[in-house]
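The structure presented is a predicted model; accordingly, all values stated were derived computationally and were not measured.
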Amino acid sequence: MKEININFDRSELNLKEILSYSDKVKNIHDKMEKFETEGSSFLGWKDLPNNINNKELDRMEAIAKKLHKDGVETLVVIGIGGSYLGVRAGIDFVLGELPGDEQKMEIIFVGESLSSTALVQKLRYVENKKFAINVISKSGTTLEPAIAFRLFKKMLEDKVGVNNAKDYIFATTDASKGVLLDLAMQKGYERFIIPDDVGGRFSVLTPVGLFPFACVGLNIKKMVAGAKLANDAYSSNNLGTNPAYQYAVARYLLHSQRKYPVEMLVSYENAHKYFLEWWKQLFAESEGKNGKALLPHSALFTTDLHSLGQIIQEGSKVLFETVITVKKPKYDIKIIELAQDEDLDKLNYLAGKTVHEINNIAFEATLDAHSLVGRVPNIHIQIEDYSEETFGSLVMFFERAVAISGYLLEINPFNQPGVEVYKSNMFKTLKKPM
Ligand code: PA5
């Protein structure tokens, strides 16, 4: 299994304090396993890696292959929230910021906002490309993706004809209800199912993520295998041996006892930009209820050390950091040595070191600066690499953690009633027929 190492040495907590929650965590875990906790009809994510059927993975891979063979250049992925962030996170996590030829198909994301400018620009962008559409919506009624789908569908139909268009439209939605399901059935689009018991923000390891991943060329079988091993490792009710649950307790203690209102998830890899966004949604929507929860915030270092660094170091003491570093980067490069008279940038002192080594030194230096000088508690999570398996593991790690963390707060981690408030206001003003 791809290891995920967690270290609390700089967290201002000691392991004994964390482990004093062993009975409480065991109790929550055992109830959760027996489906006795609030929201237990949405616990399907726990068993996803075991339940995903190989035939379904083969089907996704076969369709992706056909799209490649047909010369489809771009996949337009339409979705928002849990039907968007995990997809984007997984692709960048494995391929990096600028993947080049390794990426088998370009992806553009739409329906993730109501910005008319962004929408028109993306419509123009694909106008002269050979594109396919994957529309993703569990409820099938979300306005942002529905508007985008209407427009992109029309563009595709105008380009290739209504009959041909249906071979290039894929709908990922609920098995039995929703406008998108009805539309897909009527039009004869190929469908992928989001299981009933898996909420949006927990759905990245369903076809929501897996089909686009297959299209860009990720190895979805390896990803599921990584998630399965992690799920086995992080489903122990023994807090002493379960790092995902230890993380949940540590953040709970820093919040409820040390009174920090903000957790900042930090990564030193550009490729994690959208993973941080996925994590924010996971924790914000799961925990932000009944006037409770840490505000999940994020930063990319060293980039943000040149903006947020100052306030983290010396500003008000509102946050603790959880920092992700990667043992083995996807690529690395050495600093070259120049002849003495060419060492005009005075970097010869670094010659022979790799950029990843220097990134690690920046991490160590920042850890000391923030935790020892700035008194900002730090939790350190080290992951192995950029692989699909590691992505699958880390998803399971945080999903397990958020469940326990939410139940420690005594809220239901699996609903999102607050998200509905803006929607119903908007629909009222738009006079949506009931
Ligand atoms: O986590 C969630 O449930 C939400 O963020 C949803 O994913 C988001 O609102 C999109 O919903 P849907 O997939 O139904 O269009």
Visitor: Hey, can you tell me if Y84 and F109 have their rings parallel, tilted or perpendicular (30° and 60° cut-offs)?
Guide: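 Judged by the thresholds at 30° and 60°, the geometry between Y84 and F109 is perpendicular.
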Visitor: To the nearest 0.5 angstrom, please state how far the NZ atom of K46 sits from the OG atom of S235.
Guide: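 Between K46 NZ and S235 OG, I get 8.0 Å after rounding to 0.5 Å.
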Visitor: When you measure from the centre of the six-membered ring of F427, is the NZ or CZ of K423 closer than 6.0 Å and no more than 45° off the axis?
Guide: no
Visitor: Considering only NZ, NE, NH1 and NH2 on the basic side and carboxylate oxygens on the acidic side, decide whether K65 and D58 come within less than 4.0 Å.
Guide: no
Visitor: Assess whether a salt bridge exists between E190 and K66, defined as any Lys/Arg side-chain N lying under 4.0 Å from an Asp/Glu carboxylate O.
Guide: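 No.
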Visitor: Taking K328 first and then E3, would you say they form a salt bridge - that is, a charged N and a carboxylate O separated by under 4.0 Å?
Guide: no
Visitor: Above 12 or not: heavy atoms from other molecules or residues under 6.0 Å from CD1 of I311?
Guide: no
Visitor: Of T117, I108, T74, which is the lone residue that meets side-chain contact (heavy atoms from CB on, under 4.5 Å) with K122?
Guide: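 When side-chain contact (heavy atoms from CB on, under 4.5 Å) is applied between K122 and each of T117, I108, T74, only I108 qualifies.
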Visitor: So does K2 pair up with E389, basic N to acidic O under 4.0 Å?
Guide: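 Between E389 and K2 there is no salt bridge, as every charged N stays at least 4.0 Å from the carboxylate O atoms.
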Visitor: With a 6.0 Å cut-off (strictly less than), is the heavy-atom count around CG of D23, excluding the residue itself, greater than 12?
Guide: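 Counting other residues, nucleotides and ligands, CG of D23 stays at 12 neighbours or fewer.
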Visitor: Less than 4.0 angstrom from a charged side-chain N to a carboxylate O is my criterion; do D196 and K177 meet it?
Guide: yes
Visitor: Counting only heavy atoms from other residues, nucleotides and ligands, does the tally under 6.0 Å from CG of L430 exceed 12?
Guide: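 Count over threshold, so yes.
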Visitor: Under 4.0 Å between a Lys/Arg side-chain N and an Asp/Glu carboxylate O for E38 and K289?
Guide: no
Visitor: Do other residues, nucleotides or ligands put more than 12 heavy atoms under 6.0 Å from the NZ atom of K334?
Guide: no
Visitor: Check the surroundings of atom CD in E410: do more than 12 heavy atoms from other residues, nucleotides or ligands lie under 6.0 Å from it?
Guide: no
Visitor: Whether D92 and K273 form a salt bridge (side-chain N of Lys/Arg under 4.0 Å from carboxylate O of Asp/Glu) is what I want to check.
Guide: no
Visitor: Going by the angle between their ring planes, with limits at 30° and 60°, are F93 and H272 parallel, tilted or perpendicular?
Guide: parallel
Visitor: Do D30 and K26 meet the salt-bridge criterion of a basic N to acidic O distance under 4.0 Å?
Guide: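 So K26 pairs with D30 through a salt bridge.
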Visitor: Can you name the nearest heavy-atom pair linking Y260 to R375, along with the distance?
Guide: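 Smallest interatomic distance, heavy atoms only, reads OH-O, 3.9 Å.
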Visitor: Name the orientation class of the two ring planes belonging to F363 and H380 (parallel below 30°, tilted from 30 to 60°, perpendicular beyond 60°).
Guide: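 Ring orientation of F363 relative to H380: tilted.
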Visitor: Taking N134 as the fixed residue, which of P207, P212, C215 is the one that meets the side-chain contact (heavy atoms from CB on, under 4.5 Å) rule?
Guide: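 For N134, the side-chain contact (heavy atoms from CB on, under 4.5 Å) check succeeds only for P212.
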Visitor: Out of M223, M60, E61, which one pairs with F213 under the side-chain contact (heavy atoms from CB on, under 4.5 Å) rule?
Guide: M223
